[in-house]
Structures are given as structure tokens and as C-alpha cells.
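Indexing begins at 1, ligand by ligand and atom by atom, following the structure's order.
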Amino acid sequence: MLSRYQARSFFLIGTAVMTVVFIGLTVDTFRQIPVITNEAEMSASVIRGKHLWDVNNCMGCHTLLGEGGYYAPELTKAYERRGEPFIRAMLKDPEAMYPGERKMQQYDLTEEQITDLVEFLKWIGTMDLQGFPPVPKLVSLAVPAGDKPVAQRTTQPKIYNQMCIACHALNGQGGTIGPALDGVGNRKTKEEIEIWLTDPLKVKPDSKMPKLPLTNEDIKELGAYLSQLKS
Ligand code: HEC
Ligand code: HEC
């Protein structure tokens with residue numbers, strides 16, 4: 001048993017030590033903020049983008065760093081997930097990217113404003129959030145990979161629904177910015193589709209299809225999948 005005196009000293013010393021530790025950690029956290037938030041990358045464009053984010057009340061529907069409305073997708077990692085071309089297309093004409101679905105309003109933003117918003121989203125995505133938001137463990141499509149080469153898989157690659165459906169229809173579902181992809185295998189070979197997907201603007205400089213952030217694997221799978229859509 002502690003004596004009264006010992007108990008009081010224990011309490012006082014313990015409290016004093018913990019207060020010092022607490023203040024130390026707080027100061028340390030504040031010191032790290034410029035690094036964690038990548039303050040050096042905060043350009044004038046990023047700041048203008050943040051302002052546009054606020055005055056247009058994007059937060060009313062979207063969350064950033066988990067804060068905001070839960071109507072629309074969390075955007076902290078939107079840049080990484082979607083890439084610049086997709087976000088630009090989305091901000092220019094949200095309705096066309098997701099026809100007939102949940103609505104994002106048309107803001108009639110100028111090209112410069114769109115650039116600022118993209119820069120802002122890009123910057124916020126580089127913050128060190130120690131794992132937030134958690135990456136969902138998506139079950140990859142039930143493709144029996146087995147020993148079949150990619151070319152023989154017939155299932156629709158998952159990326160198709162993330163990236164392509166917004167602009168292209170297939171079996172009557174999807175957007176109308178690009179042509180329907182039914183029967184695209186009659187018009188283009190696997191190789192032609194791969195070249196197209198690698199950079200549409202190299203094939204057709206005035207194309208409305210942006211260069212999308214696709215990996216080589218995505219391109220191979222999409223080429224294999226689309227080239228066998230024949231009517
Ligand atoms: C009225 C609600 C609403 C407001 C306000 C709004 N959005 Fe959206 N936004 C949406 C919805 C809904 C979607 C998703 C479309 C879908 O999946 O059907 C979306 C999608 C997006 C996407 C694509 C995200 C992805 O992962 O595909 C971006 C980028 C985006 N919004 C940016 C913005 C910005 C920047 C603003 C402010 C200038 C804004 N939004 C304001 C509703 C809104
Ligand atoms: C922002 C809109 C947009 C997105 C997103 C998009 N495309 Fe396109 N795509 C187009 C447009 C527009 C064309 C027509 C080409 C042109 O003349 O500009 C096109 C053309 C094509 C063609 C050639 C079609 C033909 O009939 O010859 C293929 C193949 C294609 N896209 C595949 C895809 C795939 C696969 C994805 C997803 C990874 C995708 N596209 C995403 C807009 C888009």
C-alpha cells in the first residue's frame with residue numbers, strides 16, 4: 001500500500017510527466033503538418049482550386065478527408081483513382097459522363113477553373129493520411145485465370161465499368177459521348193484497340209476520348225475483351 005504522501009507524489013509526478021509528453025507530441029504534430037500536407041506543392045492553382053471547391057459547395061455532396069456529404073463519391077483519392085482526363089471530362093459535362101444516374105450539377109466551369117480543381121484534387125491526394133481512405137478489397141472478377149492466356153478470357157474486365165461505361169454504351173447501357181461498342185470487334189482488331197487505348201489522341205488528334213490512366217494489363221484485357229465483341 002502507498003502511503004498518503006507516496007500516492008500524492010505519484011499522482012503529481014505522473015500528471016506532470018504526462019502533461020510534458022502530451023505537449024511535446026502536440027508540438028511535434030504541428031511541426032509535421034507542412035510535411036504531411038505537402039505544403040511545398042500548394043501552388044497558387046491549388047489554392048484557387050480550394051476556393052472553387054468552397055464557393056461551389058462541392059462538399060454538399062462529396063466528402064474530402066472524410067468530411068462532407070455522403071451523396072457522392074469520396075474525392076480524396078479521386079485523382080489517383082480516375083486520373084486527370086476523366087476528372088476534366090467529369091467537371092466539363094457531368095451529365096454526359098453518367099447519363100441518367102445520380103446527378104452532379106453542371107457548373108459551366110472554365111478550362112482554367114477545371115485545371116485549378118484538378119490541381120487541388122491532385123494535391124490533396126498526395127497528403128500522407130496514414131492509410132485513409134482505406135482501399136476497398138475488391139474481389140477481382142471471377143475470371144478463372146488458370147493457364148488461359150489473357151486473350152482467351154471472355155469476361156468483362158472490371159476496369160470497363162469504372163472507366164468506359166460513362167462514355168460508351170454496350171448492350172444498350174452506358175453513355176453516349178463515344179460510339180456504342182457493340183460489334184466493335186468487326187471494326188477494329190485487338191492490336192488496333194490496344195493502340196487506341198494507349199493514347200487515342202495519337203491515333204486521332206482531335207478525338208474526344210481522353211488518354212485514360214490504364215495499365216498495360218488493363219489495355220491487354222480490354223483489347224482481348226472488346227475485339228471479340230462481334231455482331
Ligand atoms: C449535387 C451534388 C453534387 C455536387 C454539388 C458536386 N458533385 Fe461531384 N459528383 C456528384 C455525383 C452524384 C457523382 C457521381 C456520379 C455517379 O457515380 O453517378 C459525382 C462525381 C464527381 C467526380 C468523379 C468521381 C469519381 O470517382 O468518379 C468528381 C471528380 C467530382 N464529382 C467533382 C466535383 C467537384 C469538384 C464539385 C464542386 C465544383 C462537385 N463534384 C460537386 C454529385 C455532386
Ligand atoms: C470521356 C469519354 C470517353 C471515355 C471515358 C472512354 N471513351 Fe472510348 N471513345 C470516346 C469517343 C468520343 C470516341 C470516338 C472517337 C472520336 O472520334 O473521338 C471513342 C472511341 C473508342 C473506340 C473506338 C470505337 C470504334 O467504333 O472504332 C474504342 C474501342 C473505345 N473508345 C474504347 C474505350 C474504352 C475501352 C474505354 C474505357 C477504358 C473508353 N473508350 C473510355 C470517348 C470516351
Side-chain angles (χ1 to χ4, degrees), residues 48-64 68-109 113-122 124-125 133 156-170 174-201 203-215 218-227 229 231:
R48 284 196 302 270
K50 167 77 168 82
H51 183 66
L52 286 167
W53 174 265
D54 289 336
V55 296
N56 287 304
N57 192 25
C58 309
M59 211 93 160
C61 293
H62 291 279
T63 50
L64 259 191
Y70 286 92
Y71 177 67
E74 166 38 76
L75 293 183
T76 311
K77 295 287 178 194
Y79 186 85
E80 193 179 295
R81 181 169 68 237
R82 294 300 205 177
E84 174 157 354
F86 186 95
I87 295 178
R88 294 196 82 92
M90 180 75 200
L91 292 177
K92 199 176 273 169
D93 193 353
E95 172 74 48
M97 291 296 272
Y98 287 97
E101 293 193 25
R102 285 176 301 166
K103 287 247 166 53
M104 166 150 156
Q105 74 227 46
Q106 167 63 275
Y107 281 103
D108 293 318
L109 298 162
Q113 288 174 320
I114 291 179
T115 304
D116 291 341
L117 280 164
V118 168
E119 286 298 309
F120 171 59
L121 290 174
K122 180 175 170 188
I124 208 152
Q156 189 178 75
K158 189 172 60 202
I159 188 89
Y160 182 85
N161 271 328
Q162 295 171 336
M163 283 274 184
C164 318
I165 201 166
C167 292
H168 290 283
L170 185 58
T176 50
I177 295 189
L181 292 179
D182 304 272
V184 66
N186 299 334
R187 303 192 287 276
K188 281 189 166 25
T189 65
K190 179 166 166 293
E191 287 69 33
E192 282 169 338
I193 293 175
E194 286 178 9
I195 292 171
W196 175 256
L197 293 177
T198 306
D199 189 355
L201 300 173
V203 181
K204 188 175 173 217
D206 64 338
S207 173
K208 287 214 204 69
M209 173 155 159
K211 181 176 183 325
L212 295 162
L214 300 167
T215 64
D218 292 336
I219 290 175
K220 285 227 170 66
E221 291 194 357
L222 286 166
Y225 168 66
L226 293 174
S227 59
L229 298 178
S231 48

Could you list which atoms of ligand 2 come closer than 4.0 Å to a heavy atom of [X]?
X	answer
K204	16 (C), 17 (O), 18 (O)
S207	15 (C), 16 (C), 18 (O)
R187	25 (C), 26 (O), 27 (O)
L226	35 (C)
M163	5 (C), 37 (C), 38 (C), 41 (C)

Is a donor on one side and an acceptor on the other found under 3.5 Å between the side chain of [X] and the backbone of [Y]?
X	Y	result
H62	E74	no
E119	I114	no
E80	K77	no

Test log, rule side chain to side chain contact (heavy atoms under 4.5 Å, CB included), inputs V203 and I195: CA-CA 8 Å; V203 181; I195 292 171; 3.9 Å; yes
Step-by-step side chain to side chain contact (heavy atoms under 4.5 Å, CB included) determination, K92 to L109: CA-CA 7 Å; K92 199 176 273 169; L109 298 162; over 6 Å; no
Gap separating the [atom1] atom of [X] from the [atom2] atom of [Y], nearest 0.5 angstrom:
X	Y	atom1	atom2	value
K220	T215	NZ	OG1	9.5 Å
E192	S227	CD	OG	10.5 Å
I87	K122	CD1	NZ	10.5 Å
D182	S231	CG	OG	7.5 Å

Suppose I only count heavy atoms of [X] and a 4.0 Å limit; which atoms of ligand 1 are within that range?
X	answer
N57	5 (C)
N56	38 (C)
Y71	2 (C), 12 (C)
C61	1 (C), 2 (C), 3 (C), 4 (C), 5 (C), 42 (C), 43 (C)
L91	32 (C), 33 (C), 34 (C), 35 (C)

Would you kindly specify which portion of [X] sits under 4.0 Å from ligand 2, judged on non-hydrogen atoms: side chain, backbone, both or neither?
X	answer
W196	side chain
L197	side chain
M209	both
L212	side chain

Side-chain heavy atoms of V184 within contact of H168, under 4.5 Å: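 No, their side chains stay 4.5 Å or more apart.
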Pairwise side-chain contact, Q113 with Y107, heavy-atom cut-off 4.5 Å (strictly under):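 Of all side-chain heavy-atom pairs linking Y107 with Q113, none is under 4.5 Å.
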Backbone, side chain, both or neither: what part of [X] comes under 4.0 angstrom of ligand 1, heavy atoms only?
X	value
M90	side chain
L109	neither
L52	neither

Can you figure out which of [options] has its heavy atom closest to [atom]?
atom	options	answer
atom 14 (C) of ligand 2	P179, C167, G178	P179
atom 29 (C) of ligand 2	V184, L201, D93	V184
atom 38 (C) of ligand 2	G223, C164, P157	C164

Min heavy-atom dist P73 to ligand 1 below 4.0 Å: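 For ligand 1, residue contact (heavy atoms, under 4.0 Å) with P73 is present.
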Any N/O pair K188/ligand 2 closer than 3.5 Å: yes
Full working for side chain to side chain contact (heavy atoms under 4.5 Å, CB included) between F120 and L52: CA-CA 9 Å; F120 171 59; L52 286 167; over 6 Å; no
N, O or S atom of H168 closer to atom 8 (Fe) of ligand 2 than 2.8 Å: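 Yes, since at least one N, O or S atom of H168 sits under 2.8 Å from atom 8 (Fe) of ligand 2.
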Y160 and Y225 aromatic ring geometry - parallel, tilted or perpendicular at 30°/60° bounds: perpendicular
Residue pair L226, L229: steps toward the side chain to side chain contact (heavy atoms under 4.5 Å, CB included) verdict: CA-CA 5 Å; L226 293 174; L229 298 178; 3.7 Å; yes
